[in-house]
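All chains are named by letter (A, B, ...) in the order of the sequence lines, taking the proteins before the strands, and each is independently numbered beginning at 1. Because the structure is predicted, anything quoted here is derived from the model rather than measured.
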Protein chains: 2
Amino acid sequence: MSSRTASLRSLSRATATTTATSPGIRLFSATARRAAPSAHRALVFREHGALNDALSAHTFRALSPPGPGRVNVRVRLAPVNPSDVNVVEGVYPNKPSPETLLPPDSGGTQDFSVAGGEPVQSVDGGEGTGEVYVPGNEGVAEVTAVGEGVSGLEVGDWVVFAKTQPGTWASARQVGARDVIRVDKDAGEVTAAMLSVNPPTALCLLREFVPLKEGDWIVQNGANSAVGQLVIQIAAQRGIRTLNFVRSREEQANNALVKHLGALGATHTFTYDALADRTLTAHIKQLTHTAPPRLLLNCVSGPQTTGLLRLLGQDAQLVSYGAMSKQPLALPAGAQIFRGLVARGFWMSAWYAAHARKEREALLEEVVRLKLEEPRHTVFTVQAGWSDEEAGRRVREALGVQGRSPGGEKVLLRVEDPVV
Amino acid sequence: MSSRTASLRSLSRATATTTATSPGIRLFSATARRAAPSAHRALVFREHGALNDALSAHTFRALSPPGPGRVNVRVRLAPVNPSDVNVVEGVYPNKPSPETLLPPDSGGTQDFSVAGGEPVQSVDGGEGTGEVYVPGNEGVAEVTAVGEGVSGLEVGDWVVFAKTQPGTWASARQVGARDVIRVDKDAGEVTAAMLSVNPPTALCLLREFVPLKEGDWIVQNGANSAVGQLVIQIAAQRGIRTLNFVRSREEQANNALVKHLGALGATHTFTYDALADRTLTAHIKQLTHTAPPRLLLNCVSGPQTTGLLRLLGQDAQLVSYGAMSKQPLALPAGAQIFRGLVARGFWMSAWYAAHARKEREALLEEVVRLKLEEPRHTVFTVQAGWSDEEAGRRVREALGVQGRSPGGEKVLLRVEDPVV
């Protein structure tokens, strides 16, 4: 146990002695002390930066008991998604609510700082004061305490997160009951941890915008993205044919990717560059002439996406759910006015916000029933016995800049409550 | 009467003698000769170019009697709209169906050339052979003959054109009954001539996309365009507040324009340049904070339109009906994904195609009831007594490059049947 942890422990003791002497400040309730005696830990960043630079680990005091409409959860497993990396880098439009680090001399007051209209856990110890952010947009957690007026959730239930930026790179969180969705444990921990964002996104992209039936064609770019691969699988299950576009790679890598996507169910895979050859356009038009594609799924944007518009039929929908090129999307007016092209976005969080508990649970049940391929992954455990310092160092090493394992696989984080 | 007209007359005589001797070719019916004995005239272009270069006048043989589902009409008055100028220039995506000029030795066969799936009038005489195009997207016409199976239209009815590029710069046309809409003569000839495109466009832009109620705000660019001015008037009638954007002009011209739009009912008018000043953005956000605009009407596109997106509230619609800047519209992915912005086009012709006769008539009746300001205009009559050569020369002089009168007013064409 490091000296940091030791100092945290002494802070905890200080807390225990101070609480009773600070009138007017809300204190730990006796229940909370009994129900959640241990501290919890989160990975945090103070300033935006590269993942392997900005991240550190902090031990926080145990959660207070959940207020009305709220629940406490223990996070079991949380993925490191590209959008999480972007959040830490500061290039994602959303940011977790800030959590205030209290100065050591503030003692153990259960001081809620309010961000985004919601109380967040106060921090206990760590490197001084200020605000920190807990990344992590996805994960599976187990309900450990249920506040008043919460229905449909019980202690022991597994849940995933329906609200953006819940801060899942932590061992425990307190959240609004409305911001989680119960999932069946049969889904398995890994599937459940990656259940709430990409798979329902893929499913919604295929069902919310254009009615598709067997034999119809769709076009998508970034086809080798996580969502892209899920779209291929779901479409293939339903007999929907996919025209998949990917970046140009060295020949062997390209062949391997085409083969991989084909094995998932891709009908055809092309590079954006190949589309510069008008004979490919003509070939695709020929292929699809009985059912010209009316859906283009876009997670890339930029000029290469504009180039795909000519593959679409009349009254098509261009649905954007990402912009990996970091370039805007230029739309020719003619395509919109004369060919009826509608361009819109899709954001899973907005979908969740607009739908009731039952609809959200039904969506995730449908996703589980699809039995989609589990992405290759490794689990990195932030161990209970590590000090915050050691935990931070090891996480930074493990995630690197990209947030992938050294073998390029997706990393799932399991943050254990620290031993204090 | 010029020698050209004389030669046309001899061709007509040739026709009369040839018809009976060409078996297998569809001939004028006796009825047609009785009902429509005179020739008709149209303004045409062979090659794209400037209006005052590409246009000429041609005399065509009298219309054949309308076949099943078709009607003959006499065009009473047709405006010269900016989009018509673009059609002639070749910078508009739509083009009238070509009409074949028959070689003089083909005699008087009633030879239908088929373009766009529809028979078009064959041409009689003129400068040699080849294909010509009759511009004119709008106008008011009077029904002169009704084909079999046409209901809801009678000889003497006034109609406007619901299908794009009917070729209204002519004295007579044969069209599908489905491609015209009956209008009340009380509308008046000038209003009716400009009734089918701009006023219903403005009305549809305000009612088809975002439900608007009194006190709501909308944003539009190109606010001094014909549609823009109509939007201002209709919005003002309904208590909808308009944020209008126009190009920067010399100060006096700018003040005059702001005053003019204000008199029509504009709530505020700004230049695009003024928006570069962030204090204006803040001011507008303050103005609209209780009802952030959810509708942006765009006939400009280009970067200045992208700049207007920040004035919009959540879940807004960007509806494009033109692209006067001739630049594409760049959409930031974030606005679509996180702020729910939907970008789509509106095209009056597509609306007409998608709606039944009753709905189309109801729309135009609603437009007439709005009693919108009649645009300042002059009528240019292509006189019956002029030869094609003289008619062409005078039209080119009158329209110039822009298709406006020397005083800058909109020009309405009245093409008379030629004296033959």
Under a 4.5 Å heavy-atom cut-off, does chain B meet the side chain of A/L341, its backbone, both or neither?
backbone
Kindly write out the residues that satisfy side chain to side chain contact (heavy atoms under 4.5 Å, CB included) with A/A50, not counting sequence neighbours, or none if the list is empty.
A/N52, A/D53
Checking heavy atoms, do the side chain of B/F338, its backbone, both or neither come under 4.5 Å from chain A?
both
Indicate the atoms forming the closest heavy-atom contact of A/G322 with B/I337, along with that distance.
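Between these two residues, the closest heavy atoms are N-CD1, 3.2 Å.
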Could you check which of A/A330, A/G334, A/A333 has the highest count of heavy-atom pairs closer than 4.5 Å to chain B?
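When all of A/A330, A/G334, A/A333 are compared, A/A330 has the most.
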Once salt bridge (charged side-chain N to carboxylate O under 4.0 Å, His left out) is applied, what residue pairs with a partner in residues 295-307 of chain B remain, sequence neighbours excluded?
none
I need the residue from B/P332, B/A343, B/A323, B/A335 with the largest number of non-hydrogen atom pairs under 4.5 Å to chain A.
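Result: the option with the highest number of such pairs is B/A343.
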Top of B/V319, B/V342, B/L318 for chain A proximity - count of heavy-atom pairs under 4.5 angstrom
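Top count of heavy-atom pairs under 4.5 Å with chain A: B/V342.
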Partners passing ring pair (Phe, Tyr, Trp, His ring centres under 6.0 Å) against A/F161 (at least two apart in sequence or in another chain)
none
For chain A against chain B, print all donor and acceptor atom pairs separated by less than 3.5 Å.
{"from": "A/L329", "atom 1": "N", "to": "B/L331", "atom 2": "O", "distance (Å)": "3.2"}
{"from": "A/L329", "atom 1": "O", "to": "B/L331", "atom 2": "N", "distance (Å)": "2.8"}
{"from": "A/L331", "atom 1": "N", "to": "B/L329", "atom 2": "O", "distance (Å)": "2.8"}
{"from": "A/L331", "atom 1": "O", "to": "B/L329", "atom 2": "N", "distance (Å)": "3.2"}
{"from": "A/Q336", "atom 1": "NE2", "to": "B/A343", "atom 2": "O", "distance (Å)": "2.8"}
{"from": "A/A343", "atom 1": "N", "to": "B/A343", "atom 2": "O", "distance (Å)": "2.7"}
{"from": "A/A343", "atom 1": "O", "to": "B/Q336", "atom 2": "NE2", "distance (Å)": "2.9"}
{"from": "A/A343", "atom 1": "O", "to": "B/A343", "atom 2": "N", "distance (Å)": "2.7"}

